[in-house]
Every structure is written in C-alpha cells, then in structure tokens.
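Report on the following structure.
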Amino acid sequence: MNEGFEPSDESVAWVADTGFFVACGRQDNDKFAALEQFAHRNDITFVIPERVYEELGGAPDRSAPGQTPTNAAIDAGWVRVADEPDYTNPTVSAVMDNVREFIESKENT
Amino acid sequence: MNCMSKTAGDPERAVNGFMSVARLLEEPRLARLYSHVLREGEVTIDEIADELDLPRTTAYSDAAELVDLGVFDRDETKKTHTYSAVSVVLSANLDGDEYTVTPTLIQAFGRSPRDQDLDLLIEKHGLGKLAAALTYAVPYANGGMSERVATRELDLQHAFGVAVLQALREVVLEMKPIDPYFEEIRNAREESPAGSE
C-alpha cells in the first residue's frame with residue numbers, strides 16, 4: 001500500500017495534518033462519510049504520514065477521533081499511509097533542513 | 001442588576017453568587033438553559049421548552065431554580081411571564097492561582113452532554129481541564145496558537161486534544177459576541193511566553 005512521493009500525481013492528495021481527519025470525524029461522522037464520497041467521486045486517495053496515522057489511532061476509544069474509522073478507510077483503499085521519507089534522497093534532506101531552519105527562526109522570534 | 005460580583009463590599013452577595021455559579025457548573029442542563037436565555041434575551045417557558053426540546057415541567061422548574069439562584073430575572077408584569085439572564089462573572093483565587101468564570105465556560109459545560117469529546121474530557125480530567133482548555137481555545141480560535149502547541153501544553157493525546165480544541169472553537173466563536181465578559185477569560189498565549197511558537 002506504500003509508494004513514493006509523486007507530487008504531480010493528481011489521483012493522490014497528501015494530508016500532512018491530523019486535524020483534518022479529526023474535524024471530519026467529529027459530530028456523527030457525517031463529514032467523514034462525505035470525505036469518502038468525495039474521494040470515490042474524484043478517484044482520489046488521501047495519503048497520510050505514519051505520524052498522523054499513529055496520532056489518530058492513539059486517541060482514546062470513546063473520543064471522536066478514536067471512533068473515526070480510519071482503518072476501515074485504509075482497507076477500503078481511499079486512505080493510504082505513506083512510507084517514511086527516504087533521507088538519503090537529497091531532495092528530502094534539503095526540504096527537511098529548510099523546514100527545520102524555518103521552525104528555528106520562528107521559535108527565536 | 002447586571003453582574004453579581006461588581007457590588008463590592010457585599011460578602012453575602014459574593015458568596016451566594018459563587019454558589020450559583022458552582023450550581024451552573026454542576027448540572028449541564030442548567031448551564032445549557034442559562035446560556036440559551038443569555039443568547040435569546042427574553043423568553044417564555046413555552047419557548048424554552050420548544051427550543052431546547054425539554055418537557056414543559058422541566059423547563060419551568062429549571063427556570064425557577066435559576067431565578068432562585070439569582071442568575072435569571074422573571075418579568076411578572078406581562079400576562080405570560082418572561083425570563084432573562086443576568087450576566088455572571090466570577091473570579092476565583094486559590095493561593096494565587098486565579099481563574100475568571102464567564103458565560104463562555106458555562107456554555108462549554110452546557111454543551112458537554114451533546115459533544116463526546118468535551119464529555120470525555122470532563123469525565124477523565126475534570127471541569128478544571130475544560131476551563132484550562134478554554135484558555136487555549138481562545139487564541140486557537142483566532143489563529144494565534146497552533147493545535148500542536150496547545151495540545152502539548154494541555155498534556156492531552158494529540159488527536160483527542162485537537163478534537164477538544166475544535167469543539168471549544170465553536171463555543172468561543174458563538175459566545176464572543178454574547179458574553180459581556182469574554183475579554184476576561186484567560187488567554188494562554190498572553191500569559192505563557194513558552195507557549196508561543
């Protein structure tokens with residue numbers, strides 16, 4: 001189910017933040033069902049980083065994110081967990097360095 | 001009468017007001033009724049029963065209790081009595097740890113039975129955690145604090161913390177124009193330099 005980062009692939013939407021799935025899962029899953037419908041209708045797969053997957057899965061059982069059917073969505077194929085970034089790839093390491101510098105500069109202000 | 005803590009020098013009123021707020025923060029149904037009437041202005045029992053989907057007898061006895069507590073005014077000059085809410089603001093200070101309760105916290109508590117994340121937060125961590133989370137929801141709602149910083153400082157599992165912030169964001173946006181003491185709610189960003197990004 002994992003494959004490399006392909007930014008030009010229009011059938012894939014990357015979701016880097018946990019809050020998006022949390023928001024869709026709150027209030028009776030209405031929005032989560034709508035998200036699934038949107039994915040099917042537009043033939044899109046949402047790809048989430050391992051970290052987001054773990055954060056969603058680690059939520060308490062009785063919380064809304066704990067009850068959001070992320071695993072069912074993965075089984076159904078419209079959500080996929082991404083591979084860990086390959087840090088030996090120079091583009092990946094350059095992006096990571098830039099991001100780290102950006103965060104540090106913001107923290108020091 | 002518009003505020004129960006502003007009359008300085010009346011200890012009886014201050015303590016009674018404290019007990020009234022404590023009662024509102026004990027029974028979510030009363031909290032919900034209070035913030036509903038605060039938002040609506042003047043309402044009759046029939047309107048309350050209808051809009052909150054309560055049995056008429058419950059609406060009547062709850063409204064009567066809030067009149068007794070001094071947080072509702074009942075206008076008996078009209079043929080059909082109307083009720084209006086008194087804005088409450090209560091500052092608690094325990095050995096230097098201070099918190100100001102305003103209608104926004106009362107509304108957040110009143111919403112909890114119908115929001116599984118707020119309900120679970122109170123069940124697992126207590127009302128104090130809801131009050132603390134509100135101080136983060138204020139800067140979060142206006143874009144001044146990220147979910148990650150807020151959930152880390154609240155020491156909540158990240159996805160759950162985000163769900164709580166999203167629930168409280170709705171409360172904050174709803175109450176900002178209604179709560180006359182909104183500005184007195186603590187803002188976690190303004191007090192904790194470590195909390196800024």
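Worth saying up front: this structure is predicted, and the values here are computed from it rather than measured. So you know, we letter chains A, B, ... as the sequences are listed, proteins then strands, and number each from 1.
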B:Glu147 and A:Val22: side chain to side chain contact (heavy atoms under 4.5 Å, CB included), yes or no, with the steps? CA-CA 12 Å; B:Glu147 292 167 337; A:Val22 173; over 6 Å; no
With a 4.5 angstrom heavy-atom cut-off, is it the side chain or the backbone of A:Thr18 that approaches chain B, or both, or neither? side chain
With a 4.5 Å cut-off on side-chain heavy-atom distances among I, L, V, M, F, W and Y, is there a chain of contacts connecting B:Leu173 to B:Ile185?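 They do not share one cluster, since no chain of ILVMFWY contacts under 4.5 Å joins B:Leu173 to B:Ile185.
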Within one Ile-Leu-Val-Met-Phe-Trp-Tyr cluster: B:Met19 and B:Val88, side-chain cutoff 4.5 Å: yes
Taking all non-hydrogen atoms of both residues, which atom of [X] and which atom of [Y] are closest, and how far apart?
X        : Y        : value
B:Asp117 : A:Ala64  : OD1-N, 2.7 Å
A:Ser63  : B:Phe160 : CB-CD1, 3.4 Å
B:Ala159 : A:Pro65  : O-CG, 3.5 Å

Count the heavy atoms belonging to other residues, nucleotides or ligands that lie under 6.0 Å from [atom1] of [X], then report whether that count exceeds 12.
X        : atom1 : answer
B:Glu12  : CD    : no
A:Tyr53  : OH    : no
B:Tyr99  : OH    : yes
A:Asn98  : CG    : yes
B:Lys176 : NZ    : no

Applying side chain to side chain contact (heavy atoms under 4.5 Å, CB included) to A:Arg62 and B:Glu123, what does each step give before you reach the verdict? CA-CA 11 Å; A:Arg62 283 185 294 133; B:Glu123 184 193 314; 2.8 Å; yes
Is there a donor in the side chain of B:Gln157 and an acceptor in the side chain of A:Glu55, or the other way round, less than 3.5 Å apart? no
Evaluate the side-chain proximity of A:Gln67 to B:Gln116: yes if any heavy-atom separation is below 4.5 Å, no if none is. yes
Which atoms of B:Asp119 are under 4.5 Å from chain A, going by heavy atoms: the side chain, the backbone, both sets, or neither?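 Nothing of B:Asp119, per the 4.5 Å heavy-atom cut-off to chain A.
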Stepwise side chain to side chain contact (heavy atoms under 4.5 Å, CB included) check, A:Arg51 with B:His158: CA-CA 11 Å; A:Arg51 174 176 179 168; B:His158 182 68; over 6 Å; no
